[in-house]
Amino acid sequence: MTEAVVLSMPGVAREESPTAGLSPRQKAAVLVLQLGMEACAPVLAELSERELERLSTEVAQMGSVDPSTASAVLEEFAVTLTSTVPALRGGLDAAHGLLHASLDAERALAIGQRVSKNLVGAPFSFLHRLDARQIVSFLGEEHPQTIALVLAHLPADLASRVLAGLGHDLQASVAHRIAVMDRTTPEVIKQVEEILERRLSSLGVASNFAAVGGVRPLVEIINRSDRTAERMILEGLEAIDPDLAEQVRAQMFRFEDVVLLDDRSIQLILRQVQVNELATALKGVPDHVRVKISNNMSERAALSLAEEIDLLGPVRIHVVEEAQAGVVRVIRKLEEEGQIMIGRGDDDAFVA
């Protein structure tokens, strides 16, 4: 039980003032609730819209105010209480009442909507600090309806990566449930959110759930290995998961790394790559990559390549990536045949 709940329980001794820890704006919210909307309306009408919005947010967040706290706030404002102070209750209804008593209907509605948005916040926001792969792992054993509810409230780009990471059957089930999902009450959303957040906390990773694996770290490890170790790792990985092995191979030598090769190796590569494929692969790459390629071609061939690139016009990213992957496959093939060498095991440049 949180400290705030414990302190609000009847019969719990307090060793400090009931107003200790309250901000000035929170005290103002208690005072407004104590005096009532009609009595405060003339004063509130003098506040700026921003000040009124902030005060209304505090009223909405206030919840129950016990009598001793209300009395202490009034005493700080030099008001003598002559009767028992009744328990007060804040909340969104109280905040909306405050706004409608102070402003015209249109302004009260606009500010009230902003207050509600600020108060509620985004459901499942605690998942935003995780990456998609971690969320897939965390939600993988949940019911498809639960996963659908969560994804429906995550940012679309994050939700799309999580959905893509689910198994085929689960992916289809979750997608269907998102599509047919009707309105869900805030209470249900809040309950599911609290359960999942507790489960994440129980794993001991709520604040430090960091990504430590993945294809890229494995690629970095293999790039630091000698040729024999690389071959053994890739052959073993291919026996377990051929698709993953291909992903690793594709990332071990990126297209942009061609600038690290010596001129002779680049010329060998260019002899085995079609001009149109090379032109597509060079779309959108840094200038120094184009220069490196062009410097290893004849003047006429370089001019023809530049014209081919210009004629292509806009090209979809995935088409460019496919062309670059084709060039990388040629590089890997030439290395396997011993025609070129790719330095590895240290930071040496690529050599022939």
>> Would Glu322 and Arg316 count as a salt bridge (charged side-chain N to carboxylate O under 4.0 Å, His left out) here? Give the steps.
In response: CA-CA 10 Å; Glu322 288 174 1; Arg316 292 187 179 276; over 6 Å; no
>> For Leu278 and Ile293: C-alpha separation, side-chain torsions, deciding distance, then whether side chain to side chain contact (heavy atoms under 4.5 Å, CB included) applies.
In response: CA-CA 10 Å; Leu278 181 60; Ile293 296 294; 4.0 Å; yes
>> Using a 6.0 Å cut-off, check whether atom CG of Leu311 has over 12 heavy atoms from anything other than its own residue.
In response: yes
> Does any N or O in the side chain of Arg199 come within less than 3.5 Å of the main-chain N or O of Phe138, such that one atom is a donor and the other an acceptor?
Replying inline: yes
> Would you say Glu299 has more than 12 foreign heavy atoms packed within less than 6.0 Å of its CD?
Replying inline: no
> Going through the distances and angles, do Leu334 and Glu337 end up as a side chain to side chain contact (heavy atoms under 4.5 Å, CB included)?
Replying inline: CA-CA 5 Å; Leu334 290 172; Glu337 293 173 351; 4.0 Å; yes
> For Asn295, does the CG atom sit with more than 12 other heavy atoms under 6.0 Å from it, leaving out its own atoms?
Replying inline: yes
> When rounded to the nearest 0.5 angstrom, what distance separates CD in Glu308 from CG in Asn276?
Replying inline: 6.0 Å
>> Can you give me the closest heavy-atom contact between Leu237 and Leu244, atom names plus distance?
In response: CD1-CD2, 3.9 Å
> Distance from Leu312 atom CG to Thr280 atom OG1, nearest 0.5 Å?
Replying inline: 4.5 Å
>> Check this for me: does any side-chain nitrogen of one of Glu197 and Lys190 sit under 4.0 Å from a carboxylate oxygen of the other?
In response: no
> Rounded to the nearest 0.5 Å, how far does CG of Leu268 lie from CG of Asp263?
Replying inline: 11.0 Å
> Between CG of Leu130 and CG of Leu158, what distance do you get to the nearest 0.5 Å?
Replying inline: 8.5 Å
> Any luck finding a side-chain donor-acceptor pair between Arg290 and Ser294 under 3.5 Å?
Replying inline: no
> Roughly how far, to the nearest 0.5 Å, is the CG atom of Leu261 from the CD atom of Gln267?
Replying inline: 11.5 Å
>> Quick check for you: to the nearest 0.5 Å, what is the distance between Lys292 atom NZ and Leu282 atom CG?
In response: 14.0 Å
